[in-house]
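Below, all heavy atoms of this structure are taken into account, side chains as well, without hydrogens, waters or symmetry copies. Whatever order the structure lists ligands and atoms in, that order sets their numbers, starting from 1.
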Amino acid sequence: MGPRDAVTDGISLSEVAIDDGFWSPRRERNRDVTIEYQYEQLEESGSLENFRRVAAGESGDFQGMWFQDTDAYKWIEAASYVLAQRDDPELEAKVDGVISLIADAQQPDGYLNTYFSLVEPENRWTNLHMMHELYCAGHLIEAAVAHYRATEKETLLEVAVDFADLVDDVFGDEVEGVPGHEEIELALLKLYRVTDETRYLELAKYFIDLRGKDDRLAWEIDNPETLGGGEYEDGSIIPAARDVFTHEDGTYDGRYAQAHEPLRDQETVEGHSVRAMYLFAAATDLAIETGEDELIESLERLWTNMTTKRMYVTGGLGPEEAHEGFTTDYDLRNDAYAETCAAIGSVYWNQRLFELSGEAKYADLIERTLYNGFLAGVSLDGTEFFYENPLESDGDHHRKGWFTCACCPPNAARLLASLGEYVYSQRDSAIYVNQYLGSSVTTAVDGATVELSQDSSLPWSGEVTVDVDADGASVPLRLRIPEWAESSTVTVNGESVETPSEGYLEIERVWDDDRIELTFEQTVTRLEAHPDVAADAGRVALKRGPLVYCLEAIDNDRPLHQYEDPSPTSTTHRPDLLEGVTVIEGEASVPDRAGWDGRLYRPADETARERTEFTAVPYYAWDNREPGAMRVWIRS
Ligand code: FUB
Ligand code: ZN
């Protein structure tokens, strides 16, 4: 038995059925609209055509970003999660069609990358820092594992295994080095779990351990003439990559790809935030497999740095656009980059940290990220996406259906389709209820069949019921007390249970048609940020339950910068607004407009202030009406 078997035995997606007032409509739209629409985009963007052309033995005329294959892989992954939860022959046939295109494009030795096959077949594996061959391989593997788990078909798994075997033969032997964009590491760990082949575990460990130790990436930066990728749009990618991989004085800087020092020595989260999240997720999976203390300590240290100094109140990550990532402690400017993929990566990492430790704080952060930093990335109608998720806008930032670099839309689709993975967990023979959303699960724990059925009123109010039946078996149940709950009450069959203020409430008893009722008090909180966050100095943000709120121009008469000292007075559920949201209303102070005619400046003591009403809506719902300004942090 490895350490993993001792600590966790995940509940599979097909065991969980979600039926939730808040999430189900979003997931249905994801299934019926988004996944359908994204399939069309795969055709329109040339992604599928690239596979067809490789299969036909053609060359040249590659379309799209050099890692565009991943759009198709992520689409298959999202569709597979849907198929894991219900029969859908039409979708399955579409998935099969895309898989056969991919299989036909695979080279006889297992290699698969349409950019290199079409444009520079002789330059495989020459540009690890930017050309994403291993990143594409990772998304292929993730798609294959999801597809195999959903359908038991091995069509894509065989393709992925052949490619993974080639990568294993090449790396550590013919080529020494790590990918500039992490992703393959976490994928190899998934492949290991599904095949039991230790070579994939070893290969993931090789990539994780080598990062920051070898000088291959640095060497590439200084030897651009030897690199593949030179033919991509006249090689414009190579100088651009140099910018993000060098200090101002032109010397190599590995932080962009978390390659500045070995992972186990890293103290702060650095560089490109999606890359960082994927690396840390993989390393956590590795720690789950090996139980290695040094690795676990470094991951905890990085998590603490991120969550106490480098994370937005929404769970969003990475203020800086130039390198799409982290900068310095407390740099949380509100024109945040905060890529949707980084929020998604954070959910992946935190889920693994939970599996490793069983600690509620990771599930708390998943909840915060899902409802805020992630969900803002998807329009209410499911057809448009944010790439960047600022916390303040002048009204010119809008979602789009697709992007030239379309990493976020299919990433959002795969997370929504796999939401069931985050609700329950089984660990140390206990069942954990990690997220409160209407759902049911039937699973086996130490030979007993346990059925849970949950009803939840989140995020609008805090009432939850969980019906439990284990046919008279005794199974510990751990229920997360959300960090935001001001107070909580829990009863079992009407009898009160003593409840901790945070962490998990454990209830162990013989379960036989029992009902647990939980009430989490939701109050509106005015949050302030640490004094070193210059961007939020003298500002407050409104939060209620798991939701962060914002002001949008459309609901408020004055320009948003004029609102000061918001005092919430009431909350109202408005079924008509933004598909049903609870708004926070109150009064704020604004400057009196009298006496300004013909004047731009005047002594400050001449300006009186007056109180006016404001309305705040959940941050996730912003930019779904008429364009206008938005602010999360309001002057205090
Ligand atoms: O480079 C692949 C993906 O595209 C990254 O994860 C995103 O940040 C975007 O740059
Ligand atoms: Zn993205």
(message) Working note: Y549 + Y619, criterion ring pair (Phe, Tyr, Trp, His ring centres under 6.0 Å); need CA distance, chi angles, decisive distance, verdict.
(response) CA-CA 5 Å; Y549 277 70; Y619 169 73; over 10 Å; no

(request) Give the intermediate values and the outcome of ring pair (Phe, Tyr, Trp, His ring centres under 6.0 Å) for residues W622 and F386. (result) CA-CA 11 Å; W622 87 275; F386 277 142; 5.2 Å; yes

(request) Step by step, work out the side-chain hydrogen bond (donor to acceptor under 3.5 Å, both in side chains) result for S346 and N350. (result) CA-CA 6 Å; S346 171; N350 279 284; 3.2 Å; yes

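Less than 2.8 Å away from the Zn ion (ligand 2), the protein contributes these N/O/S atoms: E339 OE2, C341 SG, C407 SG, C408 SG.
When the shell of 6.0 Å around NZ of K205 is examined, it contains 12 or fewer heavy atoms from other residues, nucleotides or ligands.
For F51, the ring pair (Phe, Tyr, Trp, His ring centres under 6.0 Å) test picks out Y73, with sequence neighbours left out.
Side-chain contact check for D536 and N334: at least one donor-acceptor pair (N or O, by modelled atom type) lies under 3.5 Å. For E133 and Y111, the side-chain atoms include at least one donor-acceptor pair closer than 3.5 Å.
Proximity of the aromatic rings of Y115 and Y232 is defined here by a centroid distance below 6.0 angstrom, and this criterion is met.
Residues of the protein with a heavy atom under 4.0 Å from ligand 1 are F67, H132, Y135, H181, H272, V274, E324, E339, Y387, C405, C407, listed by chain and number.
Sequence neighbours left out, the pairs with a member in residues 235-261 that pass ring pair (Phe, Tyr, Trp, His ring centres under 6.0 Å) are H129-F245, F245-Y256, Y256-H272.
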